[in-house]
Every structure is written in C-alpha cells, then in structure tokens.
Amino acid sequence: MKVVHTVNDLKQTLQAYRNEGKTIGLVPTMGALHRGHASLVSRSLRENDVTTVSIFVNPTQFNDKNDLAKYPRTLDQDCQLLQSLLTDDSQLVVFAPSVDEVYPEPDTRTFSYPPTDEVMEGGFRPGHFNGVCQVVSKLFMFVEPDRAYFGEKDFQQIAVIRRMVEDQKFPLQLCPCPIVREDDGLALSSRNTLLSDAERKIALNISKNLFASLDYAKQHTLAETRQWVIDQINAVEGLEVQYYEIVDGNSLLSLNDWNDSNYIVGCITVFCGAIPVRLIDNIKYKE
Ligand code: PAF
C-alpha cells in the first residue's frame with residue numbers, strides 16, 4: 001500500500017500502472033473509514049487491478065463551518081483499516097492531499113443538475129452538491145479511474161454524480177454499492193462516532209421505522225406511509241425529522257402514488273441528540 005499526498009505523486013504512481021494495462025478503481029472518501037467504506041474498497045480491489053482510495057475532508061461541500069470543524073479526521077486508523085483489506089496481489093494507493101493541493105485556487109466552477117441537486121439535501125444544504133461535484137470531478141481528473149464506487153447511503157449524491165458523469169462525459173463506470181448496516185440496523189456512517197451510547201440507541205429508531213414502513217406501505221397510500229414514518233420518528237424523544245420524501249429513484253422527484261414509478265425510494269434526514277448529529281438513511285420500496 002502506498003500513501004501519496006500530492007497530485008503529481010498520485011498521477012506518476014497511477015501512470016506506471018496504466019502503462020502496464022492495469023485497470024484502476026476509485027473509492028472517494030472523507031476518511032473516518034468504517035465497514036461501509038471497507039465494503040466499497042473490497043469490491044474495488046476485486047474488480048480492478050489497482051484501487052485508489054482518496055481521503056479528503058472537502059471544505060467546499062460543507063455549508064456549516066461547525067460541521068466541517070467537527071468532522072472526524074483519523075488518517076492513521078484509516079490506513080490501518082485499508083491495510084487489513086489487502087490481499088496478496090492487490091494494489092492500493094491512498095491519496096490524502098491537503099486542501100491547498102486540491103484547491104490551489106478557489107474553485108469557481110458551478111454544476112447544476114436539477115431536479116436531483118435541488119430537492120431534499122439540495123434544499124437544506126445549499127451549495128452542498130456543487131461542492132461534491134467540484135471535488136469528485138477533480139478526483140476523476142486526477143485518477144482517471146475505470147470504475148468509481150459510491151455508497152447508497154448517500155442515495156441522492158449518487159443520482160447527482162450520475163448526472164455529472166453523463167454531462168462531463170467522464171469515461172468511467174459508476175458503481176453504486178448497497179448500504180452497510182450494523183447488526184441492529186443502524187446505517188454505518190462516519191458521523192455515528194459523534195453519537196453518545198444513549199443517542200446511538202435512540203438513532204436505531206430511524207432504520208427500525210423505515211423497515212417497518214415496508215409492511216405499512218402494503219396497506220396504505222404513499223402519503224399515509226410518508227406521514228407515518230415522520231410521526232413515528234418524531235414521537236421518539238431526541239429525534240427530529242428534517243425531511244422524509246418518497247421519490248422516484250432516478251429523478252428524485254416526490255411521488256404521489258405507489259403506481260407512479262417502478263423505482264421508489266424513501267430518503268430521510270433526522271437530527272439526533274442534544275447537539276444534534278444529522279443522520280441520513282434511505283429505504284427502497286420498489287426497485
Ligand atoms: O460521500 C462522501 O464521503 C463525500 O461526499 C465524497 C464523495 C467523498 C466527496 O467528498
């Protein structure tokens with residue numbers, strides 16, 4: 001495993017592999033790696049000759065300075081976890097750049113992919129997806145991967161990046177990977193480390209109610225199901241739903257009826273705890 005901190009070192013390292021005809025997978029991350037990331041990395045290691053994992057807390061996608069400041073940064077632990085995933089013949093390059101390395105000048109590019117980047121997170125975190133597209137497009141240009149892996153916990157992020165890949169004609173395959181959950185159902189997230197034990201227990205009600213809504217939905221309308229999930233979760237002390245939308249899985253537009261699409265996903269964001277931690281999750285009703 002090789003750790004590089006500059007774009008030049010990264011490009012040189014990857015060019016040598018490319019010259020040998022090797023395929024390259026990219027797993028973009030902001031670090032604080034957990035089993036969810038590990039599943040993306042393991043899949044990339046299986047499907048490509050070389051895997052690049054980027055570890056970079058991207059400032060341009062945070063519209064809340066506090067959120068950026070308290071985002072966990074654990075490079076040494078992250079490298080240990082990555083090392084443990086290696087098999088004899090796998091090649092892993094970790095790209096852990098500084099902010100100045102990625103943004104030697106402010107990035108003034110704008111990306112706009114309505115409605116995917118306007119609804120839900122797009123409404124509550126203005127500029128967030130623009131920042132995501134800025135950094136992910138740079139990573140695609142630095143790494144030039146054959147395949148790029150993203151977790152479906154950030155379901156909306158994948159829909160926006162899919163549009164960007166089409167728009168910018170990046171010659172790569174986008175590989176969405178299923179949410180990884182704890183045994184008790186909690187979706188794995190770097191932000192879970194910010195929860196106290198008590199808050200973590202409370203947070204379990206998010207996935208519990210999303211799963212329960214799959215049954216509820218069989219006997220109820222889409223609007224009733226949406227409202228039921230919101231009410232169930234808001235009834236738990238310490239949880240507050242910011243939004244719950246049941247949307248078409250491609251356009252991300254809210255639906256009115258279960259018959260309006262063959263691909264239906266419920267996307268939720270919930271504030272958990274006293275200094276609230278913002279948790280997101282989603283569930284597929286139809287695929
Ligand atoms: O999903 C994330 O961790 C980030 O949004 C990403 C894709 C690494 C871009 O900073």
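Predicted model only: the values in this text are computed from it and were never measured. All ligand and atom numbering here is 1-based and tracks the order in the structure.
- Hydrophobic clustering of Ile, Leu, Val, Met, Phe, Trp and Tyr side chains at less than 4.5 Å, counting indirect connections, unites Ile268 with Leu195.
- When the heavy-atom distances from atom 7 (C) of ligand 1 to Gln157, Met30, His37 are ranked, the shortest goes to Gln157.
- Atoms of ligand 1 found under 4.0 Å from any heavy atom of Thr29 (numbered from 1 in listed order, with element): 8 (C).
- Under 4.0 Å is where a charged nitrogen must lie from a carboxylate oxygen, and between Asp64 and Lys70 no such pair does.
- Near Val135, the atoms of ligand 1 lying under 4.0 angstrom from a non-hydrogen atom of the residue are 9 (C), 10 (O).
- One finds a salt bridge joining Glu47 and Arg43 here, because a Lys/Arg side-chain nitrogen approaches an Asp/Glu carboxylate oxygen to under 4.0 Å.
- Of all the atoms in ligand 1, the ones that sit under 4.0 Å from a non-hydrogen atom of Pro28 are 8 (C).
- Clustering ILVMFWY residues whenever any of their side-chain heavy atoms sit less than 4.5 angstrom apart, transitively, puts Phe155 in the very cluster that holds Tyr243.
- Here is the list of ligand 1 atoms found below 4.0 Å of a heavy atom in Gln61: 4 (C), 5 (O), 9 (C), 10 (O).
- By the neighbour-count criterion of 12 heavy atoms within 6.0 Å, atom CD of Gln77 is sparsely surrounded, having that number or fewer from other residues, nucleotides or ligands.
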